[in-house]
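Read through the structure below, which is laid out as structure tokens, and then see the notes.
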Amino acid sequence: MKTAIAALTLLVSTSAAASLTLRYENKDSKAYAAEAVCSGSKQDPVKFSASTTSSVSIQGSSPCKVTLQGTTITFDGDANIIIKDGKISRK
């Protein structure tokens with residue numbers, strides 16, 4: 001019984017801590033906030049700094065959709081993207 005409870009606790013804590021890394025290159029001189037939906041759950045806005053190459057973590061599990069100014073990308077697992085002229089695309 002104790003083993004079953006320990007396994008369940010480990011499973012819950014592992015899935016609660018799931019996250020994906022989105023590496024980005026923002027070629028615009030403007031910062032952006034995008035909408036993210038992972039596994040059907042809406043996340044806090046994902047923020048991309050202006051004129052920067054960096055990464056952000058998105059809580060949740062795949063598949064994820066990130067929408068920026070009407071353009072949406074879908075990814076499973078970590079991804080690399082480019083932001084140019086206000087549009088988001090896969091690298």
Side-chain angles (χ1 to χ4, degrees):
M1 181 69 171
K2 288 182 181 180
T3 305
I5 292 172
L8 182 59
T9 302
L10 179 62
L11 178 64
V12 169
S13 65
T14 302
S15 59
S19 69
L20 304 168
T21 300
L22 190 58
R23 287 178 282 291
Y24 71 92
E25 181 179 356
N26 184 354
K27 295 188 175 194
D28 295 348
S29 59
K30 179 181 176 184
Y32 293 100
E35 178 183 285
V37 178
C38 295
S39 299
S41 297
K42 189 174 180 179
Q43 307 294 313
D44 290 332
V46 179
K47 297 179 182 178
F48 303 105
S49 299
S51 304
T52 303
T53 298
S54 188
S55 62
V56 294
S57 291
I58 301 173
Q59 298 304 310
S61 57
S62 59
C64 284
K65 292 183 180 184
V66 176
T67 303
L68 179 68
Q69 297 188 351
T71 305
T72 301
I73 60 165
T74 302
F75 56 97
D76 293 313
D78 298 345
N80 294 310
I81 63 161
I82 294 175
I83 300 169
K84 184 174 180 181
D85 300 326
K87 299 197 190 275
I88 190 170
S89 62
R90 295 201 59 145
K91 200 170 191 180

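Side-chain contact between K47 and V56 is absent, with no heavy atoms from C-beta onward closer than 4.5 Å.
Here D78 contributes atom CG and S57 contributes atom OG; the two are 8.5 Å apart, rounded to the nearest 0.5 Å. Separating the OG atom in S54 from the CG atom in L22 is a distance of 10.0 Å, to the nearest 0.5 Å. Within the model, atoms NZ of K87 and CD1 of I81 stand 14.5 Å from one another, a figure rounded to the nearest 0.5 Å. Within the model, atoms CZ of R23 and CG of N80 stand 5.0 Å from one another, a figure rounded to the nearest 0.5 Å. The CD atom of Q43 lies 7.0 Å from the CD atom of Q59; values are rounded to the nearest 0.5 Å. Distance check, rounded to the nearest 0.5 Å: CD of E25 to CD1 of I83 gives 9.5 Å.
Nearest heavy-atom pair, K65 versus T72, reported as atom, atom and distance to 0.1 Å: CB-CG2, 4.0 Å. The two residues I88 and V66 come nearest to each other via the heavy atoms CD1-CG1, 3.9 Å. Nearest heavy atom pair, residue N26 against residue A31, reads ND2-CA, 4.4 Å. Residues C38 and S61 approach most closely at CB-O, 3.4 Å, considering heavy atoms.
Linking ILVMFWY side-chain heavy atoms closer than 4.5 Å, directly or via other members, places I58 and Y32 in a single hydrophobic cluster.
Judged purely by distance below 3.5 Å, without hydrogens or angles, the side chains of T21 and S55 never pair a donor atom with an acceptor atom.
Sorted by first and then second residue, the pairs that involve residues 47-81 and meet ring-ring contact (aromatic ring centres under 6.0 Å, His included), not counting sequence neighbours, are Y24-F48.
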